[in-house]
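Take a look at the structure below.
The first residue in the sequence is number 1, and the count goes up from there.
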Amino acid sequence: MKLIIAFAIFSLQCAVAFAQTTDTASRNTGTMLTPVIIRLNIQPAQKYQCSFPVKDVEVMIANGDTSRLGFVQTGVNNKLREARPDRPIQQYIHDYIHDTYKEQYKSEAPYLLLVIKYFRIGERTGIGREKAFVRLKADAFRSDDKMSYQLACTFDTVLERKGTDVTKRFSQYIGETIDLLMAAADKQVATSRKYPREEVVKRELRLYEAPAYNMENYADGVYLSYNEFINNAPSVTSFTPLFEANWAKIYALNRDSSKTLIPAPWGMCYKGQLYLYAQRNLIPFSRDGRAFIFRQYLHTADRNKSVALASAAKAGLVGLALPNPMFSQDIMNVTDIPHIEGILPEATTIDPFSGKLMF
């Protein structure tokens with residue numbers, strides 16, 4: 001029995017050592033594992049039949065992360081890997097819509113513009129089954145001349161699907177979500193205000209004009225709200241973070257040298273590193289293009305190592321490592337999706353619209 005336990009510990013240590021990354025790896029290289037390529041194939045049996053046909057569909061990308069779709073789990077150990085499209089995001093979505101709906105296009109119908117504001121997939125494994133998640137947030141506009149546009153709908157949904165080996169079925173799930181968007185956009189607009197195209201583009205990209213999206217060095221301080229963060233305007237600049245009783249805390253330092261606990265900060269920048277405060281944890285994150293990704297997912301080998309250690313500790317094989325006094329790399333759940341029950345999506349990024357945890 002001792003030999004069996006010793007061998008299990010040795011095997012785990014080898015696996016953990018193999019999963020480690022070097023400190024010199026660029027944050028933009030992402031995972032050390034080969035990304036999973038998700039191809040988006042036409043699914044004629046599932047296409048939506050439009051009540052009000054369009055002449056053509058244009059896709060505009062206002063999505064923050066344009067390089068990856070999200071993260072999926074692969075292999076018997078559920079190794080996390082980046083998921084990427086097989087072509088640029090704009091072409092990826094446009095080609096699916098065109099191939100699926102082109103037979104319904106009518107030359108005398110208006111144009112449809114779909115502005116993709118958030119597009120992301122995620123995967124989580126539970127006991128005996130897996131869950132796949134697809135979030136799509138978009139605005140749809142109709143136009144007779146591609147110069148002025150009327151808002152047809154705003155759309156924001158999270159599709160949840162259960163099964164086995166859901167990674168191989170993401171093409172289907174993404175297609176289903178796009179079909180839901182097409183159904184929501186399938187309406188006539190007669191009375192809504194008309195917007196010039198330039199105003200539509202400016203409106204949809206306004207989010208990324210904020211200072212946080214256009215700078216490399218952030219001011220040290222505590223952000224009491226997401227708005228303070230994106231405007232790089234921390235309201236507390238004299239502070240100290242501490243890790244006490246398994247609880248990350250941030251204290252404001254007063255002029256008389258006393259400390260005051262900040263009960264619910266949004267996050268902080270400490271020695272040049274950004275942190276989100278959630279579920280009593282400080283989660284380090286970095287800007288990657290126009291998205292803010294938690295650092296352990298920019299190097300998913302680090303995340304896989306953390307999962308391996310936690311699993312081993314639960315099995316009684318190794319003791320838990322001492323927590324870092326500054327932050328935790330525990331897996332955080334997305335909690336702000338009311339209709340999802342049971343296994344929740346794994347949070348990997350920040351919702352650019354609310355500043356909350358998102359997959």
Side-chain angles (χ1 to χ4, degrees), residues 19 21 25-41 59-75 78-96 115-125 130-138 156-159 161 166-175 177-178 205 207-208 212-213 274 276 283-304 306-307 329 331-332 334 345-353 356-359:
T21 60
S26 166
R27 70 177 177 85
N28 292 318
T29 60
T31 175
M32 301 301 291
L33 299 174
T34 303
V36 175
I37 303 301
I38 307 292
R39 292 175 173 81
L40 190 49
N41 303 316
V59 176
M60 170 184 163
I61 298 299
N63 192 50
D65 195 342
T66 57
S67 64
R68 63 176 73 83
L69 298 173
F71 298 90
V72 296
Q73 297 177 336
T74 58
N78 293 320
K79 291 287 186 180
L80 204 72
R81 293 167 63 182
E82 280 188 0
R84 294 181 177 266
D86 64 346
R87 62 197 74 183
I89 290 284
Q90 188 275 341
Q91 183 183 353
Y92 186 75
I93 297 175
H94 175 269
D95 288 354
Y96 172 83
V115 182
I116 307 301
K117 304 172 72 172
Y118 194 92
F119 177 38
R120 194 106 171 148
I121 69 174
E123 184 178 338
R124 197 73 183 269
T125 299
E130 299 171 345
K131 273 190 179 182
F133 305 95
V134 182
R135 183 188 177 192
L136 180 58
K137 180 180 176 69
D156 191 357
T157 193
V158 175
L159 184 78
R161 291 291 182 262
V166 296
T167 306
K168 294 181 178 180
R169 302 181 68 181
F170 265 113
S171 176
Q172 172 188 333
Y173 304 147
I174 294 171
T177 311
I178 295 174
L205 296 176
L207 172 70
Y208 303 110
Y213 289 97
L274 295 169
L276 173 67
I283 311 169
F285 67 93
S286 295
R287 182 162 59 84
D288 190 44
R290 293 193 312 197
F292 291 100
I293 309 295
F294 299 149
R295 287 191 65 87
Q296 64 172 320
Y297 298 93
L298 288 171
H299 306 284
T300 55
D302 292 339
R303 179 267 186 196
N304 292 332
S306 299
V307 172
Q329 286 198 347
I331 292 175
M332 299 288 113
V334 176
E346 182 174 342
T348 63
T349 185
I350 295 168
D351 186 320
F353 308 99
K356 296 181 179 180
L357 298 170
M358 185 47 60
F359 65 90

Considering only heavy atoms from C-beta outward, does the side chain of [X] approach that of [Y] to under 4.5 Å?
| X | Y | answer |
| --- | --- | --- |
| Thr348 | Val334 | no |
| Val72 | Glu130 | no |
| Leu136 | Ile116 | yes |
| Phe292 | Tyr213 | yes |
| Leu159 | Ile174 | no |
| Met358 | Arg135 | yes |
| Leu40 | Gln172 | no |
| Asp65 | Arg120 | yes |

| query | How are the rings of Tyr118 and Phe353 set to each other: parallel, tilted or perpendicular (split at 30° and 60°)? | reply |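 Perpendicular.
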| task | Fit a plane to each ring of Phe294 and Phe285, take the angle between them on a 0 to 90° scale, and name the class: parallel (under 30°), tilted (30 to 60°) or perpendicular (over 60°). | result |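 Because their plane-to-plane angle is over 60°, the rings of Phe294 and Phe285 count as perpendicular.
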| Salt-bridge present (Asp156, Lys117; N to O < 4.0 Å) |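 Result for this pair is no, no salt bridge flagged.
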Rounded to the nearest 0.5 Å, what's the gap from [atom1] on [X] to [atom2] on [Y]? Could you check?
| X | Y | atom1 | atom2 | result |
| --- | --- | --- | --- | --- |
| Arg290 | Ile61 | CZ | CD1 | 9.0 Å |
| Asp288 | Arg295 | CG | CZ | 10.0 Å |
| Phe133 | Lys131 | CZ | NZ | 5.0 Å |
| Phe119 | Ile89 | CZ | CD1 | 5.5 Å |
| Gln91 | Asp86 | CD | CG | 8.5 Å |
| Ile121 | Phe71 | CD1 | CZ | 10.5 Å |

Show the nearest heavy-atom pair for residues [X] and [Y], with the distance to one decimal.
| X | Y | result |
| --- | --- | --- |
| Leu357 | Met332 | CD1-CB, 4.2 Å |
| Tyr208 | Ala62 | OH-O, 3.0 Å |
| Gly122 | Phe170 | O-CZ, 3.2 Å |
| Ser67 | Pro85 | O-CD, 4.0 Å |

| request: Using only heavy-atom distances, determine whether the side chains of Thr167 and Glu123 contain a donor-acceptor pair under 3.5 Å. | output: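 Per modelled atom types, Thr167 and Glu123 side chains form a pair under 3.5 Å.
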| task | State whether a side-chain donor-acceptor pair under 3.5 Å links Tyr297 with Glu82. | result |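 On atom types as modelled, these side chains do not qualify, holding no pair under 3.5 Å.
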| query | Do Ser286 and Leu298 pass the side chain to side chain contact (heavy atoms under 4.5 Å, CB included) test, and can you show the C-alpha distance, the side-chain angles, and the key distance before you say yes or no? | reply | CA-CA 9 Å; Ser286 295; Leu298 288 171; 4.0 Å; yes
| query | Counting only N and O atoms by type, is there a donor-acceptor contact under 3.5 Å from the side chain of Gln73 to the main-chain atoms of Thr125? | reply |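 Such a contact is found between Gln73 side chain and Thr125 backbone.
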| request: Ignoring hydrogens and angles, tell me if any N or O in the side chain of Arg161 forms a donor-acceptor pair with the backbone of Val166 under 3.5 Å. | output: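 No, Arg161 side chain to Val166 backbone: no donor-acceptor pair under 3.5 Å.
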| Around atom CZ of Arg39, are there more than 12 heavy atoms of other residues, nucleotides or ligands at under 6.0 Å? |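 At most 12 heavy atoms, drawn from other residues, nucleotides or ligands, come within 6.0 Å of this atom.
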| query | Can you list the steps and then say if Val36 with Ile38 is a side chain to side chain contact (heavy atoms under 4.5 Å, CB included)? | reply | CA-CA 6 Å; Val36 175; Ile38 307 292; 3.9 Å; yes
